[in-house]
Asker: 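Pasting a structure below so you can have a look.
Chain letters run A, B, ... following the sequence lines, proteins first, then strands; residues in each count from 1.
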2 protein chains.
Amino acid sequence: MGLTKTEIFTDKQNQIAQYAKVFGHPARVAILQYLFKLNACVCGDLVDEIGLAQPTISQHLKELKNLGLIKGNVEGTSVCYCIDVENWKKMKTVMSTFLDQDLNQKDCC
Amino acid sequence: MGLTKTEIFTDKQNQIAQYAKVFGHPARVAILQYLFKLNACVCGDLVDEIGLAQPTISQHLKELKNLGLIKGNVEGTSVCYCIDVENWKKMKTVMSTFLDQDLNQKDCC
DNA sequence: TTTATTCATTGCAATATTACGATTAAAGGG
DNA sequence: CCCTTTAATCGTAATATTGCAATGAATAAA
């Protein structure tokens with residue numbers, strides 16, 4: 001069916017999955033890493049930097065923007081992207097509660 | 001095309017995406033949380049616990065096993081699952097280097 | 001005003017994912 | 001030896017994702 005049954009899971013579980021899903025493509029990972037590395041707004045070089053066609057990059061940017069992880073401001077003909085620091089922190093909190101579950105457990109299998 | 005162009009990304013980027021992808025479905029998040037909560041092996045209640053059909057759960061478990069995040073041991077007619085602690089730690093290291101990128105950056109957009 | 005630049009959107013083809021019914025395989029209990 | 005239990009696998013339908021060519025919209029440059 002290809003249709004995830006979100007109703008049967010908790011909001012938290014769906015939220016974790018939603019964040020993870022957006023990181024689940026190397027192009028989006030690469031875009032975010034580049035935005036961090038530059039430590040500033042990026043106006044346009046993303047298509048050159050990552051080797052995908054412009055519409056494809058645009059699509060990936062849209063997904064990142066939908067989740068609030070990046071912001072885009074129009075500047076003349078070009079658009080300027082950067083990490084949304086506030087929301088990135090929120091995301092980190094959510095993901096950490098999931099990843100840092102521990103592990104008092106000994107190997108039992 | 002539906003086919004991710006992994007060639008044009010670094011191994012690290014692909015690895016991050018691969019981990020993230022497996023967390024990108026709430027059923028797999030729920031399975032992992034349940035394994036952590038029990039703090040022990042789980043032999044079979046997963047289908048009752050999560051509201052999906054047995055073949056569906058089996059498929060999700062397979063993906064988690066392929067990435068090494070869980071282990072499964074046969075015990076009689078049933079199979080016993082638990083977190084693979086070593087590999088979970090390795091995964092955490094990889095994901096942390098990605099998520100903890102900071103942020104000297106001021107909001108520029 | 002025309003032309004160029006930059007990015008978003010649309011439309012579509014190829015492939016992947018999700019879910020489940022039906023079946024199979026393997027082990028135990030009678 | 002049958003029958004049950006448990007979980008993997010197969011096959012398939014529905015939907016989602018990825019990628020790009022073509023097009024559109026908006027601004028800047030000439």
Asker: Toward the 5' end of DNA chain D, which comes first, B:V79 or B:T4, by nearest nucleotide?
Answerer: B:V79

Asker: Give me the residues of residues 5-34 of chain A where at least one heavy atom lies under 4.0 Å from an atom of DNA chain C, by number, or none.
Answerer: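 Output list: A:K5.
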
Asker: Can you sort out the partners of B:V74 under side-chain contact (heavy atoms from CB on, under 4.5 Å), two or more places apart, ordered by chain and number?
Answerer: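 Partners of B:V74 by the side-chain contact (heavy atoms from CB on, under 4.5 Å) criterion, ordered by chain and then number, come out as B:V79.
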
Asker: Determine which pairs satisfy salt bridge (charged side-chain N to carboxylate O under 4.0 Å, His left out) with at least one residue from residues 33-53 of chain A, sequence neighbours left out, and list them in order.
Answerer: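 Sorted pair list comes back empty.
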
Asker: Sequence neighbours excluded, which residues qualify as side-chain hydrogen bond (donor to acceptor under 3.5 Å, both in side chains) partners of A:Q59?
Answerer: none

Asker: For nucleotides 21-30 of chain C, read 5' to 3', which letter fits each nucleotide if B means a protein heavy atom sits under 4.0 Å from the base, S means only the sugar-phosphate is that close, and - means neither?
Answerer: BB----B---

Asker: Tell me which residues in residues 57-68 of chain B put a heavy atom below 4.0 Å from DNA chain C, sorted by number, or none.
Answerer: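 Contacting residues: B:Q59, B:H60, B:E63.
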
Asker: Rounded to whole Å, please give me the gap between CD in B:E75 and P in D:dA7.
Answerer: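 Rounding to the nearest Å, CD of B:E75 and P of D:dA7 are 11 Å apart.
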
Asker: Could you tell me the separation between the CG atom of A:N73 and the C1' atom of C:dC7, rounded to a whole number of Å?
Answerer: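 Those two atoms, CG and C1', are 14 Å apart.
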
Asker: Which residues pass the side-chain contact (heavy atoms from CB on, under 4.5 Å) test with A:K90, not counting sequence neighbours?
Answerer: A:N87

Asker: The criterion is side-chain contact (heavy atoms from CB on, under 4.5 Å); which residues satisfy it with B:S96, sequence neighbours excluded?
Answerer: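 B:S96 satisfies side-chain contact (heavy atoms from CB on, under 4.5 Å) with B:D100 only.
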
Asker: Of all the heavy-atom pairs spanning A:I83 and A:K71, show the shortest one and how long it is.
Answerer: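 Closest approach of A:I83 to A:K71: O-CE, 4.5 Å.
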
Asker: Measure CG/A:L46 against C1'/C:dT6 and give the value in whole Å, please.
Answerer: 13 Å

Asker: Restricting to pairs with a member in residues 54-63 of chain A, which pass salt bridge (charged side-chain N to carboxylate O under 4.0 Å, His left out), not counting sequence neighbours?
Answerer: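 Every salt bridge (charged side-chain N to carboxylate O under 4.0 Å, His left out) pair that includes a residue of residues 54-63 of chain A, provided the two are not neighbours, is A:R28-A:E63.
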
Asker: Using the side-chain contact (heavy atoms from CB on, under 4.5 Å) criterion, which residues pair with A:A30? Sequence neighbours excluded.
Answerer: A:I50, B:F9, B:Q13

Asker: Which heavy atom of A:I16 sits nearest a heavy atom of A:F98, and at what distance?
Answerer: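 That would be CD1-CB, 3.8 Å.
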
Asker: For A:T56, report the nucleic acid contact type (base, sugar-phosphate, nothing); a contact means any heavy atom under 4.0 Å.
Answerer: base

Asker: A:T4: what forms a side-chain hydrogen bond (donor to acceptor under 3.5 Å, both in side chains) with it, not counting sequence neighbours?
Answerer: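 Once residues adjacent in sequence are excluded, the partners of A:T4 under the side-chain hydrogen bond (donor to acceptor under 3.5 Å, both in side chains) criterion are B:H25.
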
Asker: For B:N66, which residues count as a side-chain hydrogen bond (donor to acceptor under 3.5 Å, both in side chains) partner, sequence neighbours excluded?
Answerer: none

Asker: Report the residue (A:M1 or A:V47) whose heavy-atom-nearest nucleotide on DNA chain C is the more 5′ of the two.
Answerer: A:V47

